[in-house]
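Since this is a predicted model, take the numbers as computed values, not measurements. Remember, it's 1-based here, ligands and their atoms both numbered in the order they're listed.
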Amino acid sequence: MRTLLIAGNWKMNAGPTEAKELAESMVAAREGKDDSQDLLICPPFISIPAVAEAFSGSNFKVGAQNVSTEDNGAYTGEISTSMLKDAGCEYVIVGHSERREYYHEDDSLVAEKALKVLKDGLKVIVCVGEKLEERKSGNHEKVVKNQVEAVIKQVDKSNADNFVIAYEPVWAIGTGETATPEQAQEMHAFIRGLLSEVWGDDEAEKIRILYGGSMKPGNADELLSQKDVDGGLIGGASLKADSFSGIIDIAESI
Ligand code: PEP
(Lines give C-alpha, C1' and ligand atoms only; values in the text may rest on other atoms or scores of the structure.)
Protein backbone atom coordinates (compact mmCIF):
# COMPACT_ATOMS: atom_id res chain seq x y z
CA MET A 1 0.00 0.00 0.00
CA ARG A 2 1.21 3.50 -0.86
CA THR A 3 1.89 5.87 2.05
CA LEU A 4 -0.64 8.70 1.79
CA LEU A 5 0.60 12.26 1.35
CA ILE A 6 -1.47 14.97 3.01
CA ALA A 7 -0.22 18.25 1.58
CA GLY A 8 -1.33 21.79 2.34
CA ASN A 9 -1.00 24.60 -0.20
CA TRP A 10 -1.22 27.91 1.60
CA LYS A 11 -1.10 29.86 -1.69
CA MET A 12 -0.53 33.62 -1.09
CA ASN A 13 -1.58 33.45 2.56
CA ALA A 14 0.41 33.72 5.79
CA GLY A 15 3.53 35.89 5.96
CA PRO A 16 6.37 34.76 8.25
CA THR A 17 4.74 35.78 11.56
CA GLU A 18 1.35 34.22 10.83
CA ALA A 19 2.96 31.20 9.15
CA LYS A 20 5.10 30.46 12.20
CA GLU A 21 2.02 30.54 14.47
CA LEU A 22 -0.01 28.38 12.11
CA ALA A 23 2.81 25.85 11.70
CA GLU A 24 3.28 25.69 15.47
CA SER A 25 -0.42 25.09 15.98
CA MET A 26 -0.32 22.26 13.44
CA VAL A 27 2.55 20.60 15.27
CA ALA A 28 0.65 21.05 18.56
CA ALA A 29 -2.50 19.51 17.01
CA ARG A 30 -0.53 16.34 16.10
CA GLU A 31 1.26 15.99 19.44
CA GLY A 32 1.23 12.41 20.74
CA LYS A 33 -0.43 11.11 17.53
CA ASP A 34 2.50 9.08 16.08
CA ASP A 35 1.56 9.80 12.45
CA SER A 36 2.64 7.32 9.81
CA GLN A 37 1.43 9.10 6.65
CA ASP A 38 3.49 11.83 4.96
CA LEU A 39 2.58 15.40 5.96
CA LEU A 40 3.56 18.48 3.99
CA ILE A 41 2.91 22.20 3.99
CA CYS A 42 3.78 24.51 1.09
CA PRO A 43 3.82 28.11 2.38
CA PRO A 44 4.65 31.23 0.35
CA PHE A 45 8.41 31.43 -0.40
CA ILE A 46 9.03 34.13 2.19
CA SER A 47 7.49 32.03 4.98
CA ILE A 48 9.38 28.81 4.21
CA PRO A 49 12.24 29.36 6.75
CA ALA A 50 9.79 30.20 9.57
CA VAL A 51 7.70 27.12 8.83
CA ALA A 52 10.77 24.88 8.47
CA GLU A 53 11.94 26.02 11.89
CA ALA A 54 8.52 25.46 13.48
CA PHE A 55 8.40 21.94 11.94
CA SER A 56 11.88 20.88 13.01
CA GLY A 57 11.67 17.64 14.99
CA SER A 58 8.07 17.03 13.84
CA ASN A 59 6.63 14.77 11.11
CA PHE A 60 5.76 17.73 8.88
CA LYS A 61 7.84 18.51 5.79
CA VAL A 62 8.03 21.81 3.94
CA GLY A 63 7.58 22.43 0.22
CA ALA A 64 7.33 25.28 -2.26
CA GLN A 65 4.48 26.29 -4.56
CA ASN A 66 6.63 27.06 -7.60
CA VAL A 67 10.27 27.26 -8.74
CA SER A 68 12.47 28.68 -11.48
CA THR A 69 13.97 26.51 -14.21
CA GLU A 70 17.24 28.46 -13.86
CA ASP A 71 20.09 27.91 -11.40
CA ASN A 72 20.85 31.53 -10.50
CA GLY A 73 21.55 34.91 -12.07
CA ALA A 74 19.59 37.76 -13.61
CA TYR A 75 16.04 36.43 -13.19
CA THR A 76 14.31 39.09 -11.11
CA GLY A 77 11.68 37.73 -8.78
CA GLU A 78 12.58 34.06 -9.24
CA ILE A 79 13.60 31.40 -6.69
CA SER A 80 15.87 28.45 -7.54
CA THR A 81 15.89 24.82 -6.46
CA SER A 82 19.15 25.31 -4.54
CA MET A 83 17.59 28.18 -2.56
CA LEU A 84 14.60 25.99 -1.72
CA LYS A 85 16.84 23.16 -0.55
CA ASP A 86 18.90 25.58 1.52
CA ALA A 87 15.68 26.80 3.18
CA GLY A 88 14.63 23.24 4.10
CA CYS A 89 12.22 22.30 1.30
CA GLU A 90 11.77 18.70 0.18
CA TYR A 91 8.91 19.09 -2.31
CA VAL A 92 7.91 21.55 -5.04
CA ILE A 93 4.45 21.94 -6.56
CA VAL A 94 4.52 22.65 -10.30
CA GLY A 95 1.72 23.39 -12.74
CA HIS A 96 -0.94 24.42 -10.23
CA SER A 97 -4.01 25.56 -12.19
CA GLU A 98 -3.62 29.08 -10.80
CA ARG A 99 -0.11 29.25 -12.28
CA ARG A 100 -1.38 27.85 -15.57
CA GLU A 101 -4.28 30.33 -15.64
CA TYR A 102 -2.84 33.57 -14.25
CA TYR A 103 0.84 33.20 -15.17
CA HIS A 104 0.36 31.40 -18.48
CA GLU A 105 2.44 28.35 -17.57
CA ASP A 106 1.95 25.79 -20.31
CA ASP A 107 2.58 22.05 -20.41
CA SER A 108 6.11 22.45 -21.74
CA LEU A 109 7.13 24.87 -18.97
CA VAL A 110 5.51 22.62 -16.37
CA ALA A 111 7.53 19.68 -17.74
CA GLU A 112 10.72 21.75 -17.68
CA LYS A 113 10.11 22.71 -14.06
CA ALA A 114 9.36 19.11 -13.08
CA LEU A 115 12.60 17.92 -14.71
CA LYS A 116 14.59 20.64 -12.95
CA VAL A 117 13.11 19.80 -9.55
CA LEU A 118 13.89 16.09 -9.93
CA LYS A 119 17.38 16.64 -11.35
CA ASP A 120 18.23 18.80 -8.34
CA GLY A 121 17.12 16.17 -5.83
CA LEU A 122 13.71 17.48 -4.73
CA LYS A 123 10.36 15.72 -4.98
CA VAL A 124 7.84 17.12 -7.42
CA ILE A 125 4.04 17.39 -7.23
CA VAL A 126 2.71 17.91 -10.74
CA CYS A 127 -0.82 19.36 -10.81
CA VAL A 128 -3.23 18.45 -13.58
CA GLY A 129 -6.96 18.90 -13.99
CA GLU A 130 -9.69 19.96 -16.36
CA LYS A 131 -11.86 23.09 -16.38
CA LEU A 132 -15.63 22.92 -15.97
CA GLU A 133 -16.38 23.40 -19.67
CA GLU A 134 -13.91 20.64 -20.52
CA ARG A 135 -15.70 18.21 -18.21
CA LYS A 136 -19.12 19.29 -19.46
CA SER A 137 -18.06 18.70 -23.05
CA GLY A 138 -16.69 15.25 -22.16
CA ASN A 139 -13.06 16.25 -22.85
CA HIS A 140 -11.77 15.86 -19.29
CA GLU A 141 -9.77 12.69 -19.94
CA LYS A 142 -8.22 14.09 -23.11
CA VAL A 143 -7.14 17.28 -21.29
CA VAL A 144 -5.65 15.42 -18.35
CA LYS A 145 -3.94 12.89 -20.66
CA ASN A 146 -2.17 15.73 -22.50
CA GLN A 147 -1.09 17.36 -19.23
CA VAL A 148 0.20 14.11 -17.73
CA GLU A 149 1.95 12.86 -20.85
CA ALA A 150 3.66 16.22 -21.47
CA VAL A 151 5.57 15.56 -18.25
CA ILE A 152 5.98 11.79 -17.96
CA LYS A 153 7.22 11.33 -21.50
CA GLN A 154 10.20 13.51 -20.56
CA VAL A 155 10.91 12.13 -17.09
CA ASP A 156 12.82 8.88 -16.61
CA LYS A 157 10.94 6.23 -14.67
CA SER A 158 13.84 5.99 -12.20
CA ASN A 159 12.32 9.16 -10.69
CA ALA A 160 9.11 7.38 -9.69
CA ASP A 161 9.87 7.54 -5.95
CA ASN A 162 10.14 11.33 -6.13
CA PHE A 163 7.19 11.89 -8.41
CA VAL A 164 3.68 12.81 -7.25
CA ILE A 165 0.68 13.82 -9.34
CA ALA A 166 -2.17 15.93 -7.98
CA TYR A 167 -5.45 15.64 -9.84
CA GLU A 168 -7.26 18.90 -9.21
CA PRO A 169 -10.39 19.51 -11.26
CA VAL A 170 -10.28 23.29 -11.70
CA TRP A 171 -14.02 23.57 -11.07
CA ALA A 172 -13.51 22.14 -7.58
CA ILE A 173 -10.64 24.38 -6.44
CA GLY A 174 -11.70 26.90 -3.83
CA THR A 175 -15.33 26.60 -4.93
CA GLY A 176 -16.68 24.36 -2.19
CA GLU A 177 -17.67 21.94 -4.95
CA THR A 178 -15.91 18.57 -4.75
CA ALA A 179 -15.56 15.81 -7.30
CA THR A 180 -17.60 12.81 -6.22
CA PRO A 181 -15.51 9.91 -4.92
CA GLU A 182 -16.48 8.03 -8.10
CA GLN A 183 -15.33 10.89 -10.36
CA ALA A 184 -12.06 11.12 -8.44
CA GLN A 185 -11.42 7.36 -8.50
CA GLU A 186 -12.23 7.17 -12.20
CA MET A 187 -9.75 9.91 -13.10
CA HIS A 188 -7.06 8.63 -10.73
CA ALA A 189 -7.31 5.14 -12.25
CA PHE A 190 -7.12 6.72 -15.71
CA ILE A 191 -3.96 8.63 -14.72
CA ARG A 192 -2.40 5.47 -13.26
CA GLY A 193 -3.14 3.76 -16.58
CA LEU A 194 -1.25 6.53 -18.41
CA LEU A 195 1.68 6.12 -16.03
CA SER A 196 1.64 2.40 -16.61
CA GLU A 197 1.69 2.80 -20.40
CA VAL A 198 4.78 5.00 -20.26
CA TRP A 199 6.66 3.71 -17.20
CA GLY A 200 5.25 0.20 -16.75
CA ASP A 201 3.01 -1.32 -14.06
CA ASP A 202 5.62 -1.53 -11.28
CA GLU A 203 6.50 2.15 -11.41
CA ALA A 204 2.87 3.22 -11.91
CA GLU A 205 1.89 1.36 -8.75
CA LYS A 206 4.45 3.37 -6.75
CA ILE A 207 3.26 6.83 -7.81
CA ARG A 208 1.07 8.76 -5.43
CA ILE A 209 -1.87 10.49 -7.06
CA LEU A 210 -3.37 13.14 -4.77
CA TYR A 211 -6.86 14.59 -5.07
CA GLY A 212 -7.26 18.36 -4.74
CA GLY A 213 -10.39 20.47 -4.80
CA SER A 214 -12.29 21.58 -1.69
CA MET A 215 -11.12 18.62 0.40
CA LYS A 216 -12.10 19.07 4.06
CA PRO A 217 -12.70 16.88 7.11
CA GLY A 218 -16.32 16.35 6.02
CA ASN A 219 -15.47 14.76 2.66
CA ALA A 220 -11.90 13.47 3.12
CA ASP A 221 -12.97 10.00 4.25
CA GLU A 222 -14.91 9.09 1.10
CA LEU A 223 -12.21 10.56 -1.16
CA LEU A 224 -9.18 9.10 0.61
CA SER A 225 -10.84 5.66 0.81
CA GLN A 226 -10.75 5.33 -2.98
CA LYS A 227 -8.24 2.76 -4.20
CA ASP A 228 -6.23 5.15 -6.39
CA VAL A 229 -6.50 8.28 -4.22
CA ASP A 230 -3.20 8.48 -2.35
CA GLY A 231 -3.66 11.67 -0.40
CA GLY A 232 -4.82 15.24 -0.82
CA LEU A 233 -3.54 18.60 -1.96
CA ILE A 234 -5.50 20.93 0.26
CA GLY A 235 -5.89 24.69 -0.07
CA GLY A 236 -8.50 26.37 2.14
CA ALA A 237 -8.70 23.63 4.77
CA SER A 238 -4.92 23.72 5.27
CA LEU A 239 -5.13 27.26 6.62
CA LYS A 240 -6.67 26.11 9.89
CA ALA A 241 -4.79 23.71 12.14
CA ASP A 242 -7.94 21.94 13.32
CA SER A 243 -9.32 21.23 9.85
CA PHE A 244 -5.95 20.11 8.45
CA SER A 245 -5.42 17.95 11.51
CA GLY A 246 -8.93 16.53 11.04
CA ILE A 247 -7.99 15.42 7.52
CA ILE A 248 -4.77 13.88 8.84
CA ASP A 249 -6.80 11.93 11.44
CA ILE A 250 -8.92 10.51 8.62
CA ALA A 251 -5.83 9.62 6.55
CA GLU A 252 -4.30 7.87 9.55
CA SER A 253 -7.46 5.83 10.06
CA ILE A 254 -7.57 4.46 6.48
C1 PEP B 1 -5.53 23.88 -4.18
O2 PEP B 1 -5.26 25.06 -4.19
O3 PEP B 1 -4.69 23.10 -4.64
C4 PEP B 1 -6.81 23.45 -3.65
C5 PEP B 1 -7.17 22.21 -3.84
O6 PEP B 1 -7.57 24.40 -2.99
P7 PEP B 1 -8.94 24.14 -2.16
O8 PEP B 1 -8.67 22.97 -1.25
O9 PEP B 1 -9.16 25.40 -1.41
O10 PEP B 1 -9.99 23.83 -3.16
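What sits closest to atom 9 (O) of ligand 1 on the protein, heavy atoms only, is G236 N, 2.8 Å. In terms of protein heavy-atom proximity, atom 3 (O) of ligand 1 is closest to E168 OE2, 2.6 Å. The protein atom (non-hydrogen) at minimum distance from atom 4 (C) of ligand 1 is G235 N, 3.6 Å.
Using cut-offs of 30° and 60° for the angle between ring planes, the F55 and F60 rings count as parallel.
Those atoms of ligand 1 with a heavy atom of G213 less than 4.0 angstrom away are 5 (C), 10 (O). Those atoms of ligand 1 with a heavy atom of H96 less than 4.0 angstrom away are 1 (C), 2 (O), 3 (O).
Only backbone heavy atoms of A172 (N, CA, C or O) come within less than 4.0 Å of ligand 1; its side chain stays farther off. When heavy-atom distances to ligand 1 are checked against a 4.0 Å cut-off, N9 comes that close only through its side chain, counted from C-beta outward.
Note on ligand 1: K216 sits outside its first shell, no heavy atom being nearer than 4.0 Å. Not close to ligand 1: A166, with no non-hydrogen atom less than 4.0 angstrom away.
Remark: K131 does not engage E134 in a salt bridge, criterion side-chain N to carboxylate O under 4.0 Å. Salt bridge annotation for D202-K157: absent, with no cationic side-chain nitrogen under 4.0 angstrom from a carboxylate oxygen. Taking the charged nitrogens against the carboxylate oxygens, D120 and K116 do have a contact shorter than 4.0 Å, which makes a salt bridge. The existence of a salt bridge linking R2 and E205 is confirmed by a sub-4.0 Å separation between a basic side-chain nitrogen and an acidic carboxylate oxygen. In summary, R192 and D230 engage in a salt bridge, as defined by a charged side-chain N under 4.0 Å from a carboxylate O.
Taking NZ from K33 and OG from S36, the interatomic distance works out to 12.5 Å, rounded to the nearest 0.5 Å.
Note: an N/O pair closer than 3.5 Å links S214 and ligand 1 by distance alone.
Among G174, S97, A7, the residue whose heavy atom lies closest to atom 10 (O) of ligand 1 is G174.
Side chain to side chain, Q65 and W10 fail the donor-acceptor criterion of an N or O pair below 3.5 Å.
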